[in-house]
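Accompanying notes for the structure given below.
Proteins get letters first, then strands, A, B, ... in listed order; numbering begins at 1 in each. All figures in this text were calculated on a predicted structure; none of them were measured in a lab. Below, all heavy atoms of this structure are taken into account, side chains as well, without hydrogens, waters or symmetry copies.
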Amino acid sequence: MPIPFDHKAIDSKWQEYWERTNTFQVTEDEQKKKTYLLVEFPYPSGEGLHVGHPRSYTAMDVLARKRRADGENVLFPMGFDAFGLPAENYAIKTGQHPSVITKKNIENFRRQLKSLGYAFDWSREVITSDPSYYKWTQWIFLQLVKHDLAYKAKATINWCPSCKIGLAHEEVVDGKCERCGTAVEQREKEQWMLKITAYAERLLDDLETVDYAPRIRTQQENWIGKSEGAEFAFKLRGIPGQENDKHEVRVFTTRLDTIYGATFIVVSPETAKFWMDIGWQAGDDVRNYIVDSLRKRELERTETAEKTGVDTGLKAVHPLTDEELPVWVADYVLGSYGTGAIMAVPAHDERDRAFAEKYKLPIIDVVVPSLGQLRGVTDGELQTLELSDHSPAVYAGEGFLINSKDFDSLSTSEARKKIAEAIGAKEKVQYKLRDWVFSRQRYWGEPIPMVHCQKCDWVPVSEEALPVTLPEVERYQPTDTGESPLAAIREWVETTCPSCGGAAERETDTMPNWAGSSWYYLRYADPKNEKELASMKKLRYWLCQAGSPSQRTTCDGGVDWYNGGMEHTTLHLLYSRFWHKFLFDIGVVPTAEPYAKRTSHGMILAEDGQKMSKSRGNVVNPDEVVATYGADTMRTYELFIGPFADTVPWNTQGISGVRRFLDRVWYAFGAYTEEPNRGVASTETNRRLAKLVKKVGEDIELFRFNTAVAAMMEFINYAYEQEATKTPVDLPTLKTFLLLLRPFAPHLTAELWQQLADDKTLIWDMPWPTYNEADLEDASAVVAVQVNGKLRGTVTMATNVSEEAYRIAARENSNVARWLEGKTIRKTIVRKGKLINFVVEE
RNA sequence: GCCGCGGUGGCGGAACUGGUAUACGCGCGGGACUCAAAAUCCCGUGGGGGCAACCUCGUGAGGGUUCGAUUCCCUCCCGCGGCACCA
C-alpha cells in the first residue's frame, strides 16, 4: 500500500534548510557567467498573494534553478512595490498608518512566497516605501530637474472625483478612472511633468535592440504613436480689425499630397480659445461653441458619433491655388495633437468627409488608386473631373494624383516631396506620446523633493538633504480642493529655501506609483549602497552582456529576462525605459535599455471562466492550495495549466492530476531505497531519457513548461509500464529524471535525492544533465504506410535500411496489399523512419 | 476602423522543417483490490457504420497548391488583447 509523500514535512524541511544556509544568495563572481532574471515585484495588497503571481514567479524560478544547474551565476531577486492607494484608502478607513499596514502585508507576502520555495536571493530585497530606497527615487527626480526634464506646468489634468486624485493620461481607460471606474473630469492644476516626449524617438527606435514578445513591442509602438508628415501655414483673412494675411494658421498633415483636395480648415476649440485670448473677437455662436466644447469632458467629446462645429467666418488662403477656404472650429480636432488645426480633405479622410457631408462643404477627389482606373483617361491624357463629381467612397490609400494641376499623375509619395518643396512645408514628426504627469495629491508616496520660495521660485532640495521623508499625519483624506494631505502639516511644509535661505514651502504633492517601480531592478544589483543608487561596477556585472569589454563604461545588455503581466507592458515598461535611458545619458547605468528580453504570462481566471474577484466569491487562495497539495504540486500545476502566455481558467481537478503525478514519482522511488541495484538499463530507456533531457531543457528555455511537464509525466508512465513487465528502469536513469524535475518540484526532488544519494551531494548543486546525440536516434521506428496519402497500415522498420527495403516491407502489410491490388504504382515517396506513400492510379 | 494573437474531442491543451491529428492532464465508462467507500492500479474513450478485419467523415467556413495540409496561399466568419476623431 503506497503512502503519498508528506508535503508539509518535506516543504518545511527544505525551506528551512535553504533559509538557514542562504543557498540562493549570490555575489558578483567574475569567474562565472552571470544571468539576471527578473519578475515584477508585487504590490503587497491586503488580500495576499493571488494565484496569478506564482505563475510568473514559478516560471522564472524554474529557469533560475535550471540556469544555476548550468553553472551560471543567477541573480533572481524579489521586493515590494509598497507605495500605493489601497494602503492609503485602508488607512483612511481604519486610521492605521499606511506604513503599519504595508509592513504587515509585506510580511504576509513574504511568508506566502517562501511557502512556495522560490530561489530568491532575499538578502537583496527592496521596498519602495523604505526611505533608504526612495532617497534614490528622489535623487533621480532631482537629476531630471537638473537636466530640464521635469517642469511644473498648469495642465488640464484628468481628475477622478472619487479618488480625489489627478490621473496620468495613461490611467484613464475609456474616460474612466482605471482604479475605481468613476467618470473622469477635466481640471486645471499645477503639476510636475516629466518630459518623456524628449525620448520618444529613442524609445521607439531602440525597440529594435531588445527582444520583446511581438504584442508587447506593438503596444509600445502604438503608445508612442509616431506619424511622419509636414507642417505648414495658411494665411488668414477676415479677422475683424486685422490686416489680411498678417496672421496664419499652422496645420500638420501626413498627406500633403492631398492638398488640392483641402476644401476647408478646422481648428480645435483649444486653438480657437487661444485666438480669443489674444484678441480675436469671435461671434456669439462661435464663442458659445468653443466654451461649450471646452467644458465637456473628453469622454463626451469622443463618445458622440455626430461631428459638430461652427464656421468662424475667417478665411484661410490655399498656398497653391490662392483660393479662400472657410475656417471652422470643431471638437473632432484635438488641441493636444499636432498644431491643433488641420486642413480638411473630405475626399480622402473619413472624418473630414463626415463633417463635409453634414455641413455641405465641397469634396474634391485628388487621389486615385491607379491611373488606369481613372475615368476620363483618353490616350493617356488626364482630364479634370468636375468638382461635384467625386467618388462616393472615401479613398484613404496611396495612389496617383488628379485634379492637382502641375502635380497630376505623380505618385502620392513623390507628390508629398514635390509639394513640400513648392510651398516650403517642413518635414515634421508627431508623436501621440504626451509628457508624463508626475504629481499626485496623495500621502502615501515619495515626497517630491522641491521647495517653493517666493524669491527663487521652485528650488530643488539639496542632494545631501535626501531623503525628504514622509511626516506622520493624523488624517490621510485628500481634500476636495485637490491638495495633498501633506499640505496640512505646517511644520513639515514650512522650511527654508536651499538657495537663498529665506522662508519657503515644501512641495506637498507626491510621486505616482510608477516612480519606485521604474528603477527597482537597478537597486537589486547593490541594495545596501548608501552613496549611489547602485555602484557602476555591480551594475556592469549584472547588466552587461557576457564578453563586454570592461574598460568601457557602456555595454550592450540589460536584465537578461524580465517577465510580468500584460497590464504593465505599456506604461511601466515605457516609464522605466525612459528613466533608464536618462540614467544612461548621465552616466549612472551602463546600458541603453533596462531589459534585454521581456515576456508576459497569461492571466489565470476562476473555474467559472471569469476574472477572480472577491465580489464574485471565486477567488482561489494560494495558501489553501499549498496546504492541501503542497508547494511542488502548486508550482507544477501552475505551469502545466496551459501555454504560459495564454489566459487559462483554474481547475481544481487538474491540480489533483498533477499531485497524482508527483505521488507516482514518489512511489517509483520507494522500491530503490531498499534495493538500489534493482532495474536494468536498456537502449529503449536510454533513448527515452536522452529525449527527455533534451526536451525538458529546451522547453524551459522557451517557457513551454506545459509540454515539459507532459513529457515528464509520459516518462513516469513508461517507468510504471516497465515495472509491470518486471524490467524496472535502473536507478541512475531515475536519478537523472529527478534532476529534470528538480526546478519544478524542488522540495520533493531534494528529499528523494537525499534518501537515494550514496554521498552527501545536494540536488541543487548537481549540474544539469546532458545527453548524447547518438542516443536520440531510434534503431527502429513505426512507419506509416499510405496509399494516395491515406493511412492504410504501419510497419516497424530499422532506420538504417534501404528505401527498397521500406517498399518491400510496406507491401507485405496485408491491408496495404489489398489497396495496391490491381493498381499501377506511379510513384513511391519514402521518408525513412517516418512514412512511405504509394501514389497509385485510381 | 487599424494593429497583434488565436479558433483542434465533453474540458485545459499536444503535433518537429508540410509526413500516423487529438500527446499529457481532467472528466467519463468498464474492470481489479475492498464487507463497502475513498485512495491506488489496469483497460477503454473524436463522430458515423460494421460481429470483426476494417471503412468513412473529421483541426471555424469555402476554395487552392501538394503524393500528402492543423501546418503554406487566397476569400470569409468568429473570439481575445491593444490602440482609437492622433489628421
Inset, instruction - Can you tell me the pairing partner of B/C51 across any strand shown, Watson-Crick or G-U wobble, with both distances under 3.5 angstrom? - result: none

Inset, instruction - Could you check which nucleotide pairs with B/C83 in any of the strands shown, counting Watson-Crick or G-U wobble with both distances under 3.5 Å? - result: B/G1

Legend entry - Check: A/Tyr720 ring centre within less than 6.0 Å of A/Tyr718 ring centre: no

Legend entry - Gap in Å between the two C1' atoms, one belonging to B/G49 and one to B/G58, rounded: 15 Å

Inset, instruction - Considering just the side-chain nitrogens and oxygens of A/Arg792, establish if one lies under 4.0 Å of OP1 or OP2 belonging to B/C55. - result: yes

Inset, instruction - Check every strand shown and say whether A/Trp819 touches a base, only sugar-phosphate, or nothing at a heavy-atom separation below 4.0 Å. - result: sugar-phosphate

Inset, instruction - Can you tell me, in whole Å, how much space there is between the C1' of B/G6 and that of B/G25? - result: 22 Å

Inset, instruction - Would you kindly check if the NZ (Lys) or CZ (Arg) of A/Arg807 is within the cone defined by 45 degrees around the ring axis of A/Phe838 and under 6.0 Å from the six-membered ring centre? - result: no

Inset, instruction - Report yes if the distance between the aromatic ring centroids of A/Tyr359 and A/Phe264 is under 6.0 Å, otherwise no. - result: no

Inset, instruction - Give the rounded distance in Å between these two atoms: CG of A/Asp349 and P of B/C85. - result: 13 Å

Inset, instruction - Could you pick out which residue, A/Asn222 or A/Thr308, lies toward the 5' side of RNA chain B when each is mapped onto its nearest nucleotide? - result: A/Asn222

Legend entry - Separation of atom CG in A/Leu571 from atom C1' in B/G82, rounded to whole Å: 12 Å

Inset, instruction - Do nucleotides 13-29 of chain B as a string where each nucleotide becomes B, S or -: B if the base has a protein heavy atom under 4.0 Å, S if just the sugar-phosphate does, - if no protein is that close. - result: SS-B--BB--BBSSS--

Legend entry - For atom CG of A/Asp257 and atom P of B/A87, their distance in whole Å: 14 Å

Inset, instruction - Determine: side-chain N/O of A/Thr218 to OP1/OP2 of B/C83, distance under 4.0 Å, yes or no. - result: no

Legend entry - SB check A/Arg217 A/Glu208 (cutoff 4.0 Å): yes

Legend entry - Chi-based syn or anti call at B/G47, which uses purine or pyrimidine torsion atoms and a 90° bound: anti

Inset, instruction - In whole angstrom, give me the gap between the C1' atoms of B/A23 and B/U8. - result: 13 Å

Inset, instruction - Rounded to the nearest angstrom, tell me the gap between atom CG in A/Asp331 and atom C1' in B/A87. - result: 15 Å

Legend entry - Toward the 5' end of RNA chain B, by each residue's nearest nucleotide, A/Lys226 or A/Arg818: A/Arg818

Inset, instruction - Rounded to whole angstrom, note down the C1' distance from B/U71 over to B/G19. - result: 11 Å

Legend entry - Rounded distance in Å - CD (A/Gln430) to P (B/C85): 15 Å

Legend entry - Whole-angstrom distance between B/C42 and B/A53, as gauged at atom C1': 26 Å

Legend entry - Charged N-O contact under 4.0 Å between A/Arg704 and A/Glu698: no

Inset, instruction - Give me the ring orientation class for A/Phe737 and A/Phe715: parallel if the planes are under 30° apart, tilted from 30 to 60°, perpendicular past 60°. - result: parallel

Legend entry - C1' atoms of B/G63 and B/A69, separation to the nearest Å: 14 Å

Inset, instruction - Taking only Lys NZ, Arg NE, NH1 and NH2, and the carboxylate oxygens of Asp or Glu, determine whether A/Arg353 and A/Glu350 approach each other closer than 4.0 Å. - result: no

Inset, instruction - For B/A87, take OP1 and OP2 only and decide whether either is under 4.0 Å from a side-chain N or O of A/Tyr337. - result: yes

Legend entry - Plane angle bin for A/Tyr260 and A/His318 - parallel if under 30°, tilted between 30 and 60°, otherwise perpendicular: tilted

Legend entry - C1' spacing across the pair B/U66 / B/C74, given as an integer number of angstrom: 16 Å

Legend entry - Counter-base of B/U45, judged by Watson-Crick or G-U geometry with both distances under 3.5 Å: B/G27

Inset, instruction - Can you tell me the pairing partner of B/A61 across any strand shown, Watson-Crick or G-U wobble, with both distances under 3.5 angstrom? - result: B/U75

Inset, instruction - Counting heavy atoms from C-beta on, name the nucleotide in B/C55, B/C83, B/G82 closest to the side chain of A/Trp223. - result: B/C83

Legend entry - Protein-nucleotide distance (A/Lys790, atom NZ; B/G58, atom C1'), rounded to Å: 11 Å

Legend entry - Between B/C80 (P) and A/His601 (NE2): distance, integer Å: 20 Å

Legend entry - Note: A/Glu40-A/Arg598 ion pair, threshold 4.0 Å (strictly below): yes

Inset, instruction - Round to a whole Å and report the spacing from CD1 of A/Ile265 to P of B/A87. - result: 17 Å

Legend entry - Heavy-atom donor-acceptor pair, A/Lys432 side-chain to B/C83 base, under 3.5 Å: no

Inset, instruction - Scan every strand shown for a Watson-Crick or G-U wobble partner of B/A38, both distances under 3.5 Å, and answer none if you come up empty. - result: none

Legend entry - Separation between the C1' atoms of B/U65 and B/C57, rounded to whole Å: 23 Å

